[in-house]
Amino acid sequence: MATHFTPSQAHAASHKAAHHHSASAAAAVTATATARLHASAPPASASAAAAALCPPHLLAAASPASSSSAACPPAHNPIFVGPGAPWVQQPQRAAAAAAALGPEFRRTRTTRTISKRTRGGGGSAGAQDRGRVSSAAAGRCVNKLLRVGPEDRRALGAALSSFRGELVAPEDYYQVLRELGDRDKSAYRAFEVFYAALPLVGGGAVEKGKLLTATIGALGKMGRPDLARRAFDTGIAGGYGNTVFAHSALISAYARSGLATEAMGVLELMKGAGLRPTTVSYNAVIDACGKGGVDLTFTLGYFRQMLHDGLCPDRKTFNSLLAACSRAGHLEDARAVFDEMIHLGSGRDIYTYNTFVDAICKCGNMELAMQVVLDMEANNVNPNVVTYSTLMDGFSKLEKYDEALKLRGKMKSLGIQLDRVCYNTLLAIYVKTGKYDEIATACEEMESLGIEKDTVTYNSLINGYGKQGRLDMVAFLVQDMRAQGVAPSVLTYSTLIDIYSKAGMHGDAFNVYLDFKESGLKADVVLFSSFIDTLAKNGLVECALSLLDEMMRMGIKPNVVTYNTIIDAFGKSKILTEEDPEIGDMGIVGVYCGQIVRSANPATRGGRSAIDVRMRGSQELFFILELFQKMVQQGVRPNVVTFSAILNACSRCNSFEDAALLLEQLRLFDNFVYGVAYGLLMGHQEVWSQARSLFNQLGRMDSPTSSAFYNALTDVLWHFGQRQGAQQVVLEGVNRRVWENTWSEFCLDLHLMSCGAAQAMVHAWLLNVRSIVFEGRAMPEFLSILTGWGKHSKIAGSSTLRRVIEALLLSIGAPFQVERFNIGRFVSPSAVVAAWLRESGTINILLLRNERVQHANLSNLVPRLQALQL
DNA sequence: ATAGGGTTAG
């Protein structure tokens, strides 16, 4: 049985698979939703109806309220005064100004109209006269503040003082904070305003509380929930923070960063403080749960709780719930929420539609997505820039770039202006399709529109130019990013490490890694996995392993990708010698590796005799067997890529026994795949029916995944002398179109094949040419074999395949020559090849045979395993 | 208080 060998196991479960799945899923969704609609009578009340919406098993689930222990706030709540916070302790300075404020200025006034303003855009259309004056003052104040260095307290204070005459009501300061939240990147200014305005807004706890809420909101928008928390604690300590508003704002701040646990903790905190959470509080918690990837059942528990508290869910509740469903991948539930919202008294708005469209796009069902967009137009909800960028991204994920770009034209005709996110979506498409001219144009457009690049923009561009090998542009972008004050993210570092590693610039890559460690950003698996991968691929296996150590020490669990990467590195370690030119370029990595070599692998230090190398080989074997155990222990499930990696590792073994030892690990994971690989390796003909069934399963996977497996399997067969078996596997692959464009009668394209597969293929292809010759069919003037020349290789400067094929052609005496201006292409006049093929000895050279494998059984493995104490 | 964008293995 093939427990792990299913398409869903492949990480690249891939576009095609996802697409098919979603099409049927969507049909099912529509069906259930319709059934639901017809089955349910009009609800008596919104709450009752909402309760009905929840399936009973969800409503019966444990209430999140019962788990308050998990939701407690962090233990350390430093009061927001102290040596670590230089921007505090200055409120006295502005105290006099507060006294000067006449009572006529202390009125409450709605700030609603301006609260929805988004970054850099739009005015407050419906504001009253007085509102517009102060809103303009607040805006000018913010402009002035933004021109001051964020940490220059004196200048910030001066800037604020200069507006003292214009910013008169508390609301003016709330507004300054809101605008800072929208436009500022640094949290310092918001703090400064908070402390400066505290004495200005009057002595009342109400005003201070509002100021606090605005500050928490602003910090939340800046992605600084930690600082929002500190402000909140200050408010609590000052006696004006214990409000529903401050708590809700803090929950929302956590929600923005997807910190669900913290958000839930604050909800419990407010209950404990005797405050009754409002719909706003619950909405924010549900939002946090959705973003934080909390289990949907648990999230729905909050929904149930708010009904239980007698609160009426509103449109935003449902929108957040909808987002939670779609994030969890529960399209059916999303559809249910979407369908029933109307009946529950809250109609659908642009957020509802956009969220739903996104959920559908994420499943790859673009037809349905476009249909929903038509539906929204029919319901007088006009698609906006968000709708279009969602759709563009949807097409892009399916690699339908033309469709995506068409939408841009549509936006133009509708007069919808692209915003930053939309430009980022567009740039990502240009990067993927390699349209560098368009990238430049789009950047110029952004600039002329005053749209600033953000972290996502830079990451995209750095990745794009890195892929193109434009390291000059990469360096410029990094510099520009710093100059513009755009903070790098973990992704920025991963991308840079990847670029430099793939370029063979290990010293630079390592410096980026050091920078990253200094940045204080939270490390993630991807950063480590990709770094480990490139190091290993370039022969620096020991560095890779020590990095694995380091990541585990940091508490980051390796995932399948990490494990696959390391398995794949087995046997690739480069023997470093003093003459090796690359070692000189390694700089810090060399030193770094020196440490590892000492601690983990003394055999490789000093002279590198054959014995050392052998020892290292067996140490590697030992290590990798240990690794498999770790993988099982950590509950990481292997996938097809793991199998390919194991097979590749087998190909790099010096002895069949070592390979068998590795293959044995495969058996632990999947007996069926093991059986096929083992049978083919032993030359058992009867295994072929199973092999074909395995190939059929591979056919359901995406092309890179399956071709990698064919490559790995062929390689191991070739490596251990099962040449005819290897050729049979390759031909199966060709028949199933595993390699694109590989086989044409007069031009053989090998660039997607492994060395073993390619060699087996050359034999098969030449045999076919031979039969054409003997049939007397016409041929073109030249025959050619393409190998590529390593341009797309992940190993810097490598073109192994080219060299292997060159050697093969030489050894069999095939009269092909390297083309003068394309070293990846071998050509020969057809007449010359034909003459060679007609020679009597040629056929025997071309026919492949299985070398009899002597190592007949694996029972002699047992003592070896025991010796290794595994 | 709610919507869209940028990375890893073969």
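Values below: every heavy atom of this structure, side chains too, minus hydrogens, waters and symmetry copies. In what follows, chains are A, B, ... by sequence order, proteins preceding strands, each numbered from 1.
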* Asked: Base, sugar-phosphate, or nothing for V431(A), non-hydrogen atoms under 4.0 angstrom?
  -> nothing

* Record whether the side chain of D349(A) comes under 3.5 Å of the base of dA3(B) through a donor-acceptor pair of N or O atoms. => no

* Interatomic distance, N283(A) CG vs dA1(B) C1' [rounded to whole Å] -> 6 Å

* Classify the side chain of S389(A) versus the base of dG4(B) as yes if they form a donor-acceptor pair under 3.5 Å and no if they do not. => yes

* Asked: Among dT7(B), dT8(B), dA1(B), which nucleotide sits nearest the side chain of S530(A)?
  -> dT8(B)

* Between dG10(B), dT2(B), dT7(B), spot the one nearest the side chain of D533(A), thanks. => dG10(B)

* Work out which heavy atom in L259(A) is nearest to a heavy atom in P225(A); give both atom names and the distance. => CD1-CG, 3.7 Å

* Do NZ/NE/NH1/NH2 and the carboxylate oxygens of E445(A) and R408(A) come within less than 4.0 Å? -> yes

* With a 4.0 Å cut-off on heavy atoms, is I350(A) in touch with a base, just the backbone sugar-phosphate, or nothing at all? -> base

* With Y353(A) via ring-ring contact (aromatic ring centres under 6.0 Å, His included) - residues at least two apart -> F338(A)

* Can you tell me how far C1' of dT2(B) sits from NZ of K221(A), to the nearest Å? -> 13 Å

* Asked: Does a nitrogen or oxygen in the side chain of R256(A) sit under 4.0 Å from OP1 or OP2 of dA1(B)?
  -> no

* Asked: The side chain of V561(A) lies closest to which of these nucleotides: dA1(B), dT8(B), dG4(B)?
  -> dT8(B)

* **N/O donor-acceptor pair, side chain T425(A) with base dG4(B), under 3.5 angstrom** => no

* Compare the minimum distances between each of dG10(B), dA1(B), dT8(B) and the side chain of S529(A), then state the nucleotide with the smallest one. => dT8(B)

* Remember a base hit wins even if backbone is also touched, and classify D498(A) as base, sugar-phosphate or nothing at under 4.0 Å, heavy atoms. => nothing

* Asked: What nucleotide among dG4(B), dG10(B), dA3(B) has an atom nearest to a side-chain atom of D419(A)?
  -> dG4(B)

* Given dG4(B), dA1(B), dT2(B), the nucleotide with the shortest approach to the side chain of N319(A) -> dT2(B)

* Asked: Picking from dA1(B), dT8(B), dT7(B), which would you name as closest to the side chain of V280(A)?
  -> dA1(B)

* To do: Have a look at T390(A) and say if it touches a base, only the backbone sugar-phosphate, or nothing, with a 4.0 Å heavy-atom cut-off.
  => sugar-phosphate

* Contact class for T455(A) (heavy atom, under 4.0 Å): base, sugar-phosphate, or nothing? -> base

* To do: Using a cut-off of strictly less than 4.0 Å, decide whether N354(A) has a side-chain nitrogen or oxygen near OP1 or OP2 of dG4(B).
  => no

* Look at the side-chain N and O atoms of K291(A) and state whether any lies under 4.0 Å from the OP1 or OP2 oxygen of dA1(B). => no

* Could you state the CE-C1' distance from M341(A) to dA3(B), rounded to the nearest angstrom? -> 12 Å

* Return the value, rounded to whole Å, for the distance between atom OH of Y710(A) and atom C1' of dG10(B). => 15 Å

* **K467(A) side chain, from C-beta outward: closest of dA3(B), dT8(B), dG10(B)** => dT8(B)

* With respect to the side chain of T355(A), which nucleotide from dA3(B), dG10(B), dG4(B) is positioned closest? -> dA3(B)

* Going by distance alone, is a donor N or O of one side chain under 3.5 Å from an acceptor N or O of the other, for N559(A) and T562(A)? -> yes

* With a 4.0 Å cut-off on heavy atoms, is C361(A) in touch with a base, just the backbone sugar-phosphate, or nothing at all? -> nothing

* **Spacing of L322(A) atom CG relative to dA3(B) atom P, expressed in whole Å** => 11 Å

* So what does D454(A) touch, heavy atoms closer than 4.0 Å: a base, only the sugar-phosphate, or nothing? -> base

* **F245(A) CZ: over 12 foreign heavy atoms closer than 6.0 Å** => no

* To do: Tell me what S489(A) touches on the nucleic acid: a base, only sugar-phosphate, or nothing, going by heavy atoms under 4.0 Å.
  => base

* Using a 4.0 Å heavy-atom cut-off across all strands, classify D314(A) as base, sugar-phosphate, or nothing. => base

* Check whether any side-chain nitrogen or oxygen of K537(A) sits under 4.0 Å from OP1 or OP2 of dG10(B), and answer yes or no. => yes

* Asked: Please give, in whole Å, the distance from dT7(B) P to I497(A) CD1?
  -> 16 Å

* **Nucleotide nearest D358(A) when distance is taken to its side chain, options dG4(B), dT8(B), dT2(B)** => dG4(B)

* Using the ring of each side chain (for Trp, its six-membered ring), is Y710(A) parallel, tilted or perpendicular to F695(A), with breaks at 30° and 60°? -> parallel

* Asked: Looking at side-chain heavy atoms only, is the closest gap between K397(A) and C361(A) below 4.5 Å?
  -> no

